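Below is one structure, written out as C-alpha cells, with a few remarks after it.
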Amino acid sequence: MVLSKMAASVLQRCLAAAVKVKFVTPTFTVRRCLLSAAYTDTKLWEAREKDPQNLALLATFMDRTYERKLPVSSLTISRFVDNISSREEVDQAEYYLYKFRHSPNCWYLRDWTVHGWIRQCLKYGAREKALHTLKNKVQYGIFPDDFTFNLLIDSYIKTEDFRSACSVVEEVMLQEAFDLTSTQILSLYSLGSYLAAKPELSLSDERALGASLLIVGLEQDNTVGLSAQLLGNALLGKVEMLKGIHAVFKGMPLMWTHGYLGRALAIMERVAAASTDVRLSKDAVDCLNDVLHDLSSPSESDSESDSGGEDDKKETPDKKETTLDEDDEKEQSKLPHYVSRFKELSSELESKGKVDPAHFQTSVSALAKQGLAVAEQLDIEQYLDKVQAWEEERRNLIQREKEFREKAEQERQERLAARAAAKQA
Amino acid sequence: MVKKKRLRPIAEFARKVRAYRELKSQPTVSQKYGLDYETMIRPYTGKRLPVLAWQDVRKENHLFSLLAGMRLFGVGRLFTRKSWLFDHTEPSYWQITKVKVDYTAENMNYGRAWGLLTHKGKQETEVKEVDRVMYHDWRLVPKHEEHKFKNFEPLPEPPVRYVFYPPLLRAMILAQFRKEGRLGAEEPTLPLERDVVLNKDYFRMQEQEKQRKEGTAV
C-alpha cells in the first residue's frame, strides 16, 4: 500500500505541470484518431474471396476430430474465424482457438487467422475479448503481427481508453515487436497519454510501463526516444532498488545487469555531451528526480528493516520475504552517489539548454504529426503484399485439402472394390 | 555343447509388441517434468529436487515457460543459462531452430527444443537437441542487447608452459643425446599441453616411428 501511494505521489509530482495538456490541445487528442482512415479500412480485408461455411458444421467436424484424437488442420480454424457473423460466435471461436492451441497443430496457427480474429472482434464490438485472448496468449496462441497490433492500439486510442492501450503496448513489448515506426509512434502516444493522466500505479504496473518505455525509446533516436528511455530506466531503477534486480527482469525481455538508475544517468550524460540538437523532456528529468528523492528519503527506515531482514535471511533461508542479495544491496548503497551525480548532470543539462520544457505528450504528438503519414504509407503497401501472400497460401491449402480428399476417396473406392472382388471370389 | 535354441516366433512377436506398447505408453514430457512448487517434488517420480536448486526453482524459469509466451515459440532467439552467466565471462547461448511442444500441458510449458549452441564464444555448426531444458535456469537475451551480448573480446590464450623432466628420465635423455652426438643441446623440456588426439591411429603412427628409428630387433 505504501508503495502504490509512493508511486502515485511520484507521478503526481513529476507530471504536475502536465495537467493542462488536454485543455491546451483539445482537437488533437480528443477528436481525431491517430491512424488515418485508409489504414483502419476494412475494405481490403473484406475484399478477399469468401469461403462461406456453415459454422455449426465446422464446429461438429472439429469436435469429432478432437474426440478421435486426430489433428485439426489450420484451414478449418481459419475458416471458422473468417465466417464469424455474430457476437455469440465470437465466444465459440474463442473456445475453438483454445482447443486448437492445445492440439498437436498449435504451431501452424496462421497469421491471417490471428489477424482475422482481431478484425472480427473489433467488428462485433468484442474488444475486451480480443484483449483477454491477447493477455492470455499462452493459452490461445494469439500472436498478432505488427499491423494488427497497430489496429488494436488505434481502436483503443480512438475511444480514449489509454489504460487498455497501454496493456496492448505491454504485449507488444513482451513480443519485442517495435519494428514498424507506426507501432513505435502509437505506443509512445498511448504511454504518454496514460502517464499524463497521472494514474495510480502499482509496482508491477510501473515495471511494465518502464519496460515498454525503455524498449520503445531504444528504437527512436531523438528527443522523444531518449526521454522515453530515461523515464523507463528511472521506473525500472525504482523497482530494482525496492525489490531487487530479479523482480525487474523476470518474465520481461530486459537485461539482468544491475544499475538501471546508472543507465538513466548515462543517458543524461550522453545527451549533455552530444553535439546534435537532442534534448530531454523536462517531465522525464523531473520524474527521475522524484524517483531518486523518494528512494533516498525513506532509505533510513528501509536500511533498518533490511538489516533486520538479513539476520532473518541467515536463519531461515527459504523465508518468503523480499530478500535481496548482496548485489542488490550494493546497488542500494550506490543511491547517494546517484543522487549527487544526478544533481550535477541536471544542472549541466539546464546550463546547456538541453532540457525541453514542452511536455512529453506534446512532443510525442508533434512526432506523430510528422512521421505517421509516411510510416502509414509504407505499412499499407506491406499489408497489401502480405494479404496477397496470405490469399495465395490459403488457396494452396484449400487445393491441397481437396487433392487429399480426392485421393482418400479414390483409395477407399479401390479398397471397397477389392473387398467386393475378394468376397465374390 | 549348448543345445540349439528353439525358434519361438510367437514369443518374438510378443516381445516386439510389448516393446512397442512400452514405447507408446511413455509419459509425456509434461507429466515427466511436472513439478509441485510447494513441496519441490516431481509428482511422476515422487522424487524431490536437490536443496541447492530450490532457490533457483522459485526464482527463475525453465526454457519452455519462456518459449510459451513468444511468437513461434522463440525460434531464432537466443537463450542463456544463469549458471553460464556466472561461470564464464565469455558468452554462451543457444539459438533455437526447432521446437516440439507438448500440447497436453495446460500452459504449453513443456516440450523439446533443438538449436545451435555457442559455448564460450565458439559456435557449433550442427543443430543439436537443447540439453537440460527443464532446469530452472534459463534467461532470454533481449533483442536490443543481443549484439552487445554476442560481442566479446576473446582473451589471448595463455602460452604453453614447459617443465623440466624428472632427474632419471633427464639423465636417460642426455645419455641418448650423447650417443647420437647431440651434446650441448639445450635442456630437454616437457610441454604441459599437447594437442594430439589419443586414438588408435596416433599410437599406430608412434609404433611405426619407433620401429623405423630402432630397426628390427636382432
Side-chain angles (χ1 to χ4, degrees), chain A residues 66 69 71-72 98-109 111 114 134-146 149 171-179 211 214-219 229 244-247 249-257 313 317-320 323 325 327, chain B residues 28 30 37-40 49 51-62 64-82 84-86 98-111 113 136-149:
Chain A
Y66 282 125
K69 306 244 174 90
V72 175
Y98 181 89
K99 286 226 81 167
F100 187 77
R101 174 78 168 165
H102 291 259
S103 71
N105 271 351
C106 53
W107 173 276
Y108 296 106
L109 187 66
D111 291 335
V114 177
L134 194 61
K135 284 240 154 281
N136 301 8
K137 51 194 185 303
V138 171
Q139 309 290 348
Y140 293 101
I142 307 278
F143 293 101
D145 57 340
D146 302 333
F149 268 130
E171 293 301 315
V172 184
M173 179 269 298
L174 287 171
Q175 301 299 319
E176 297 186 86
F178 287 116
D179 301 317
L214 178 61
I215 299 188
V216 172
L218 281 170
E219 305 284 333
Q229 280 181 47
I245 186 75
H246 205 83
F249 72 82
K250 176 151 185 177
M252 299 239 170
L254 292 172
M255 203 56 191
W256 46 79
T257 43
K313 199 169 47 166
D318 38 355
K319 215 171 174 192
K320 265 196 185 170
T323 49
D325 341 312
D327 294 323
Chain B
T28 56
S30 59
Y37 285 90
E38 306 294 318
T39 52
M40 294 288 163
L49 293 179
V51 179
L52 291 174
W54 288 358
Q55 201 199 24
D56 271 350
V57 167
R58 284 193 192 111
K59 278 177 128 187
E60 311 255 359
N61 307 3
H62 57 271
F64 269 82
S65 44
L66 295 171
L67 291 180
M70 296 177 66
R71 268 183 188 166
L72 296 179
F73 287 102
V75 168
R77 302 293 302 269
L78 307 180
F79 289 89
T80 343
R81 294 188 58 200
K82 178 186 79 90
W84 287 344
L85 287 175
F86 281 32
K98 178 178 149 191
V99 166
K100 193 168 155 202
V101 174
D102 181 14
Y103 54 88
T104 53
E106 197 197 315
N107 287 336
M108 315 297 276
N109 241 343
Y110 301 95
H136 287 80
D137 207 22
W138 291 90
R139 292 190 186 174
L140 169 66
V141 178
K143 261 192 213 161
H144 52 93
E145 299 277 343
E146 260 177 29
H147 188 71
K148 209 168 77 174
F149 186 71

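Fair warning: this is a prediction, and the values are worked out from it, not measured in the lab. A note on names: the letters A, B, ... follow the listed sequences, proteins ahead of strands, and every chain is numbered from 1.
- Looking at E176(A), both its backbone and its side chain come within 4.5 Å of chain B, counting heavy atoms on both sides.
- Using a 4.5 Å cut-off between heavy atoms, L174(A) makes no contact with chain B at all.
- Ranked by heavy-atom pairs under 4.5 Å with chain A, the list E60(B), R71(B), M70(B), E106(B) is led by R71(B).
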Inset, instruction - Begin from the C-alpha positions of Q139(A) and R101(A) and carry the test side chain to side chain contact (heavy atoms under 4.5 Å, CB included) through to its verdict. - result: CA-CA 7 Å; Q139(A) 309 290 348; R101(A) 174 78 168 165; 5.9 Å; no
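- With a 4.5 angstrom heavy-atom cutoff, L66(B) does not touch chain A via any of its atoms.
- Contact annotation for H246(A): only side-chain heavy atoms (C-beta onward) come within less than 4.5 Å of a heavy atom of chain B.
- Using a cutoff of 4.0 Å between basic side-chain nitrogens and carboxylate oxygens, K143(B) and E146(B) are not scored as salt-bridged.
- Side-chain N or O atoms of K82(B) include none that pairs as donor or acceptor with a backbone N or O of R139(B) at under 3.5 Å.
- Heavy atoms only, all atoms of each residue included: V114(A) and G141(A) are closest at CG2-O, 4.5 Å.
- Heavy atoms of I215(A) lying under 4.5 Å from chain B belong exclusively to its side chain.
- At distances below 3.5 Å, at least one donor-acceptor pair connects side-chain atoms of Y66(A) with backbone N or O atoms of F100(A).
- With a 4.5 angstrom heavy-atom cutoff, V75(B) touches chain A only via side-chain atoms.
- Taking the six-membered ring for Trp and the full ring otherwise, Y37(B) and H136(B) have centroids separated by under 6.0 Å.
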